[in-house]
Amino acid sequence: MQQTRSYEQYFHFTKDTSWLRGKFESIVKAVRYIQFLRSQRKTDTYKYGTPEQRAMFGLVPESISHEGYSAKPMHSYWDDFWALRGLNDATAIAQILGEKKLEEEFKSEANDFQNRLYASMRLAMQNKNIDYIPGCVELGDFDATSTTIGMNPIGELGNIPEPQLTNTFERYYKFFTDRRDGKIDWLNYTPYEVRIIGAYVYMDQKERAQELLNFFFEDQRPKAWNHWAEVVWKDPTLPRFIGDLNYSMKKVGESLVVEISGDIQIPPGKIILKSPLRKPIVSVQINGAF
């Protein structure tokens, strides 16, 4: 349903109704698929089953679209947030296009899903005896990086259960400051945490947002690239990977010495190496042979 979100955003800027009309069939199919997925969690097993099964009622099934659950698929609220946003956008698009009957149907589906989503969260928190928003039904896991999308871009601030939502970001902030201030030991983190900056802005905690900005921007590596690696290591000199090709390049006298290592499979087009020096290449030696 992220594609439906893109359609709604494109129209927001262009007001191109003809273009939007051309996408409407795909939008309807996307809604139908969400309805199909939800029907699998509306059976008596989930309506009357164990407390964990009942917490899954009306959601979309388990998946690994949240990569943190790649070892085993879970009923992730990440998935449910995106599905809810898609249904809301589909409703808005149907209204724009004058599809009154479908607008009413999509709105009813979105309202039902929203109610089931937050009923699920409350039951999952009760089942796990936790006071924060869990990442998924099964684990009751703390995952502020995932929860934050509920505010932006999903737009559910004010609907997500309180005080558990506030507790989630209070807990994250303590972890963040303890890590920043050296009170806990750590090796690395994934810069997906950058999403949380927006959460503090939406919660009117702009000072905290600025603290996160200051911390994360210091960890853009290599600095000149103006980006974050998939994983940021506490020790920037630690020999860890950015990709799957390790190499060094240095000038020795009048020669340029390049060492390439790692587990990379040589692609069909081979590896193309261009000298950074202005002088033309006179000869090349590979593994000691010309």
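Position 1 is the first residue of the sequence, and the numbers go up from there.
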Query raised in the report: Taking only residues two or more places apart in sequence, or in another chain, which ones meet R122 in a side chain to side chain donor-acceptor pair (under 3.5 Å)?
Result: none
Query raised in the report: Is there side-chain contact between V232 and R221, with heavy atoms separated by less than 4.5 Å?
Result: yes
Query raised in the report: Under a 4.5 Å cut-off applied to non-hydrogen side-chain atoms, are E211 and Y173 in contact?
Result: yes
**Report entry** salt_bridge(K279, E254) N-O dist < 4.0 Å
**Finding:** yes
**Report entry** Minimal non-hydrogen separation, V258 against M249, with atom names
**Finding:** CG2-CG, 3.9 Å
**Report entry** Centroid separation F11 to W19 less than 6.0 Å
**Finding:** no
Query raised in the report: Atom CG in L256, atom CG in L277: separation rounded to 0.5 Å?
Result: 5.0 Å
Query raised in the report: Above 12 or not: heavy atoms from other molecules or residues under 6.0 Å from NZ of K15?
Result: yes
Query raised in the report: Would you say P134 and L139 make side-chain contact, with heavy atoms under 4.5 Å?
Result: no
Query raised in the report: Are H75 and R41 linked by a side-chain donor-acceptor pair shorter than 3.5 Å?
Result: yes
Query raised in the report: Do side-chain atoms of D141 reach the backbone of G135 as a donor and acceptor pair under 3.5 angstrom?
Result: yes
Query raised in the report: Got a donor-acceptor contact below 3.5 angstrom from the S63 side chain to the S65 backbone?
Result: yes
Query - M151 side, atom CE; I154 side, atom CD1 - distance, nearest 0.5 Å - result: 11.5 Å
Query raised in the report: Does one hydrophobic cluster hold both L212 and I184, with members joined at side-chain heavy-atom distances below 4.5 Å?
Result: yes
Query raised in the report: Taking side chain as C-beta onward, heavy atoms only, is K234 less than 4.5 Å from D185?
Result: yes
Query raised in the report: Is it true that L84 and W82 fall in one hydrophobic cluster, defined by side-chain heavy atoms closer than 4.5 Å?
Result: yes
Requested in this report: Would you sort out whether Q114 and N159 count as a side-chain contact (heavy atoms from CB on, under 4.5 Å), showing the intermediate values?
Outcome: CA-CA 9 Å; Q114 184 185 62; N159 296 322; 3.3 Å; yes
Query raised in the report: Rounded to the nearest 0.5 Å, how far does CG of L97 lie from CG of L20?
Result: 4.5 Å
Requested in this report: Decide, yes or no, whether a salt bridge links E8 with K23 under the criterion of side-chain N to carboxylate O below 4.0 Å.
Outcome: no
Query raised in the report: Do S108 side-chain atoms and E105 backbone N/O form a donor-acceptor pair below 3.5 Å?
Result: no
Query raised in the report: So Q40 and Y46, side-chain contact (heavy atoms from CB on, under 4.5 Å) or not? Walk me through it.
Result: CA-CA 9 Å; Q40 298 175 48; Y46 297 97; over 6 Å; no
Query raised in the report: Will you find, in the side chains of Y69 and E138, an N or O donor that is under 3.5 Å from an N or O acceptor?
Result: no
Report task. Examine V201 and F215 and state if one hydrophobic cluster contains both, with Ile, Leu, Val, Met, Phe, Trp and Tyr joined whenever side-chain heavy atoms are less than 4.5 Å apart. Result -> no
Query raised in the report: Can you tell me if Q35 and R32 form a side-chain donor-acceptor pair at under 3.5 Å?
Result: yes
Query raised in the report: Are I27 and F36 connected, step by step, through hydrophobic side chains (Ile, Leu, Val, Met, Phe, Trp, Tyr) whose heavy atoms are closer than 4.5 Å?
Result: yes
Report task. Please confirm whether Y189 and F216 have ring centers closer than 6.0 angstrom. Result -> yes
Requested in this report: Verify side-chain contact (heavy atoms from CB on, under 4.5 Å) between I197 and R208, making sure each step is shown before the conclusion.
Outcome: CA-CA 8 Å; I197 295 168; R208 290 185 175 184; over 6 Å; no
Requested in this report: Kindly check if the number of other-residue, nucleotide or ligand heavy atoms within 6.0 Å of NZ (K107) is above 12?
Outcome: no
Query raised in the report: If we only count heavy atoms from C-beta on, is the R38 to V60 side-chain gap below 4.5 Å?
Result: yes
Report task. Determine, using the 4.5 Å side-chain heavy-atom cutoff (strictly less than), whether L123 and M125 are members of one ILVMFWY cluster. Result -> no
Query raised in the report: Between OG1 of T91 and CD of E109, what distance do you get to the nearest 0.5 Å?
Result: 9.0 Å
**Report entry** Spatial distance of atom CE (M56) from atom CE (M74) [nearest 0.5 Å]
**Finding:** 9.0 Å
Query raised in the report: Under the 3.5 angstrom rule, does the side chain of Y172 hit a backbone N or O of N167 as a donor-acceptor pair?
Result: no
Query raised in the report: Hey, does the side chain of T190 reach the backbone of V231 with a donor-acceptor pair shorter than 3.5 angstrom?
Result: no
Requested in this report: State, with a plain yes or no, whether a side-chain heavy atom of D112 is found less than 4.5 Å away from one of R116.
Outcome: yes
Requested in this report: Just say parallel, tilted or perpendicular for the rings of F142 and Y132, cut-offs at 30° and 60°.
Outcome: perpendicular
Query raised in the report: Quick one: does P191's side chain get under 4.5 Å of D219's, heavy atoms only?
Result: no
Only pairs under 3.5 Å count here: list side-chain donor-acceptor contacts from residues 143-150, not counting sequence neighbours, and write none if there are none.
from : atom 1 : to   : atom 2 : distance (Å)
D143 : OD1    : S146 : N      : 3.2
D143 : OD2    : H66  : NE2    : 2.7
T147 : OG1    : D143 : O      : 3.1

Requested in this report: Compare every heavy atom of A90 with every heavy atom of F106, then report the nearest pair and how far apart it is.
Outcome: CD1-O, 3.6 Å
Query raised in the report: Are N214 and E218 close enough that a side-chain donor and a side-chain acceptor fall under 3.5 Å?
Result: no
Report task. Give a yes or no answer on whether the side chain of Y77 reaches the backbone of S120 with a donor-acceptor pair at less than 3.5 Å. Result -> yes
**Report entry** Basic-acidic side-chain contact under 4.0 Å: D204, K206
**Finding:** yes
Report summary line: Looking only at heavy atoms, the pair that brings S70 and I64 closest together is CA-CG2, 3.7 Å
Query - Flag side-chain contact, heavy atom, 4.5 Å: R54 against Y48 - result: no
Query raised in the report: Do Y192 and W228 have ring centres separated by under 6.0 Å?
Result: no
Report task. Step by step, work out the side chain to side chain donor-acceptor pair (under 3.5 Å) result for T166 and E162. Result -> CA-CA 7 Å; T166 295; E162 287 286 12; 2.9 Å; yes
Query raised in the report: How long is the span from the CG atom in D80 to the CG atom in L59, to the nearest 0.5 Å?
Result: 4.5 Å
Report task. Show the numbers, then the answer: is there a side-chain contact (heavy atoms from CB on, under 4.5 Å) between S283 and I281? Result -> CA-CA 6 Å; S283 64; I281 297 175; over 6 Å; no
